[in-house]
There are 2 protein chains.
Amino acid sequence: MKQQTKISEAVVRRLPLYLQALNELSRGEVQTVSSQALGRKLDLNPAQIRKDLAYFGEFGRKGIGYDVSYLISKIRHILKLDRGINVALVGAGNLGQALCNYNRYSRDNMKIVAVFDDHPDKIGMQINTMRVQPMEELKATVEALQIRIGIITVPSAAAQKVADQLADAGIEGILNFAPAILKVPPSVRVHHADFTTELLSLAYYLEKDADHDDDKVVD
Amino acid sequence: MKQQTKISEAVVRRLPLYLQALNELSRGEVQTVSSQALGRKLDLNPAQIRKDLAYFGEFGRKGIGYDVSYLISKIRHILKLDRGINVALVGAGNLGQALCNYNRYSRDNMKIVAVFDDHPDKIGMQINTMRVQPMEELKATVEALQIRIGIITVPSAAAQKVADQLADAGIEGILNFAPAILKVPPSVRVHHADFTTELLSLAYYLEKDADHDDDKVVD
DNA sequence: TAGATTGTTAATCGATTAACAATC
DNA sequence: TAGATTGTTAATCGATTAACAATC
């Protein structure tokens, strides 16, 4: 592992994409893949893929390409998915429940192992094999189960408070579904998963409404 | 509206963020905001905010800043949210149901008005005020309700087929929650909302597991 | 007027892509 | 060997940030 250069976020964010495509190829019994083939599949420039991977080591063979299973194991290692990572979810509403049931992260060794909520109606509720716990139990459970990542699916107004509690419990990373900008200590990394941003920005690219011509169409 | 320059995706994707922060300020009865204040709130460079907005017009006043409600109305117009936009959702599983109930897009004039699924168990099911419809009814409903955006929440394996059907029905934009790369005609724009990417890339930034020292820590 | 803040140009920074020697 | 494809350097492209005149 070289790691001397700081690796940019853009690169890291592409690694799960590579993993996803490689897993698909692996299921299709494909042994070897070139950066060109992978690029076609993912709509990315082959040079970019090669450069991204080269930050972490020499995984390919000139004239041949990349061995699919070998590359999978390498990327899994880089993303620290070769060891199990426990996740806590806070906010047992519709979205939270959906994510708990989804649990397709298991293949990737990520697992939601505890669910928390503030509301008396929710506490004690059964989701999958988990019982919804009160927030008071957060810190103890995080320590007991060595939970390292927290998912926030509470309403926007409550998100900051939950983030504080997660940070206090010693969590290292937060995936935030609430449309709110969280302030956290530098030891905690926050990734944003609010899809409303994606949905609203999608609207920008719609054609100007054809029913009305009060906006002159000048291109 | 100037629009002669092609506006970059990065800029467009920040507009919903601005809108979100401005809405918050508006609820807090704030009349006016400077790019600096907004930048602090959103963790963005003030110059970037000014530049972004300047692509679309002169919305601020030198020495004063931006009028909050005026800027909200301008951004809503740019994002085409000043007219209602109807959305269809395909895939009435856990996640799909959660998104239907969520429906907090209403304030933003986006509304899920129809839900579709393939599975006999799901068809006819009631979600909110909507009845889950079979896929056969997709095209007719899209036309009847002037639906312009589709949300895909089906399993990965079915995503491409659904995308084809949405494109065929005349949808203009797709928000895809499935971890799959969709091939669509150029008339359709796809935005990706698969949070597993964000979750997995979060793992990269975790501290090396402190329990084991089989990896020498060389910084 | 003095202080604040915009809109915009120029400078910087970083990320993507092209090109190619090395080599399977 | 000839063809394919990597790893990597150099060139390009685009996005962010700094700086400042204009002006409220």
Side-chain angles (χ1 to χ4, degrees), chain A residues 1-18 21-22 25 30-72 74-75 78 197 201 204, chain B residues 1-18 21-22 25 30-72 74-75 78 197 201 204:
Chain A
M1 220 191 265
K2 37 184 200 175
Q3 255 286 37
Q4 70 274 73
T5 338
K6 257 284 153 296
I7 283 139
S8 89
E9 289 193 34
V11 172
V12 173
R13 216 177 299 258
R14 279 192 294 268
L15 295 179
L17 245 54
Y18 299 155
L22 289 164
L25 290 169
V30 177
Q31 307 279 317
T32 290
V33 70
S34 68
S35 61
Q36 188 155 106
L38 205 53
R40 216 171 13 241
K41 207 169 157 63
L42 289 169
D43 240 323
L44 293 174
N45 184 299
Q48 181 167 67
I49 296 175
R50 294 201 299 279
K51 197 163 201 280
D52 283 356
L53 296 174
Y55 283 115
F56 302 99
E58 307 201 354
F59 302 143
R61 293 218 296 156
K62 293 179 187 177
I64 309 289
Y66 300 90
D67 182 272
V68 174
S69 0
Y70 178 69
L71 191 52
I72 288 176
K74 280 303 181 184
I75 296 181
I78 295 163
T197 299
S201 65
Y204 173 83
Chain B
M1 222 189 267
K2 36 183 199 175
Q3 253 289 35
Q4 69 274 73
T5 339
K6 257 283 151 298
I7 283 138
S8 88
E9 289 192 34
V11 172
V12 174
R13 217 178 298 259
R14 279 192 293 269
L15 294 178
L17 245 53
Y18 299 155
L22 289 164
L25 289 169
V30 178
Q31 306 278 316
T32 290
V33 70
S34 67
S35 59
Q36 186 153 110
L38 204 54
R40 213 167 17 237
K41 206 169 158 61
L42 289 168
D43 240 323
L44 293 174
N45 184 300
Q48 180 167 68
I49 295 175
R50 294 200 299 278
K51 198 163 200 282
D52 283 354
L53 296 174
Y55 283 115
F56 302 99
E58 306 201 355
F59 302 144
R61 293 218 297 156
K62 293 178 187 178
I64 309 289
Y66 300 89
D67 182 273
V68 173
S69 0
Y70 179 70
L71 191 52
I72 287 176
K74 281 302 182 184
I75 296 181
I78 295 163
T197 298
S201 64
Y204 175 82

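All of these numbers come straight from a predicted model, not from anything done at the bench. Each chain gets a letter, A, B and so on, in the order its sequence line appears, and its residues count up from 1.
Put simply, CG on B:N45 is 14 Å from C1' on C:dT5, counting in whole angstrom units. One can place OH of B:Y70 at 15 Å from P of D:dC24, the figure rounded to the nearest angstrom. The separation between A:D52 atom CG and D:dG7 atom P is 12 Å, rounded to whole Å. Rounded to whole Å, atom P of C:dA22 lies 19 Å from atom CD1 of A:I64. Taking atom CG of A:L71 as the reference point, atom C1' of D:dT6 lies 13 Å away to the nearest angstrom. Atom-to-atom, CZ of B:F56 to P of C:dT8 comes out at 14 Å; the value is rounded to the nearest Å. Remark: P of C:dG14 and CZ of A:R13 are 17 Å apart, rounded to the nearest angstrom. One can place CG of B:D67 at 21 Å from P of C:dA4, the figure rounded to the nearest angstrom.
Counting only heavy atoms from C-beta outward, the side chains of A:Y204 and B:V11 never approach each other to under 4.5 Å.
Minimum atom distance to the side chain of B:A47 is reached by D:dA18, of the listed D:dG7, D:dT16, D:dA18. Of all nucleotides listed (C:dT8, D:dT16, D:dC24), C:dT8 comes nearest to the side chain of B:E58. Set against C:dT8, D:dA15, D:dT5, the side chain of B:S8 has D:dA15 as its closest nucleotide.
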Give the C-alpha distance, both sets of side-chain angles, the deciding distance and a yes or no for side-chain contact (heavy atoms from CB on, under 4.5 Å) between A:F56 and A:I7. CA-CA 9 Å; A:F56 302 99; A:I7 283 139; 3.5 Å; yes

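Taking CG from B:L71 and CG from B:L25, the interatomic distance works out to 10.0 Å, rounded to the nearest 0.5 Å. In this structure, B:R40 CZ and B:S35 OG are separated by 10.0 Å, a value rounded to the nearest 0.5 Å.
Remark: A:S35 is in phosphate contact with D:dT6, judged by side-chain N or O atoms under 4.0 Å from OP1 or OP2. Note on B:R50: a side-chain N or O is less than 4.0 Å away from OP1 or OP2 of C:dT6. The phosphate of D:dG7 has OP1 or OP2 within less than 4.0 Å of a side-chain N or O from A:Y66.
Under the Watson-Crick or G-U wobble criterion, with both distances below 3.5 Å, C:dC20 is paired with D:dG7.
A:Y66 pairs in a side chain to side chain contact (heavy atoms under 4.5 Å, CB included) with only one of the listed residues (A:L53, A:T32, A:I72, A:L22), which is A:L53.
Mapping A:A10 and B:G60 onto DNA chain C by nearest heavy atom places B:G60 at the nucleotide closer to the 5' end. If you find the closest nucleotide of DNA chain C to A:K62 and to A:K51, the one lying nearer the 5' end belongs to A:K51.
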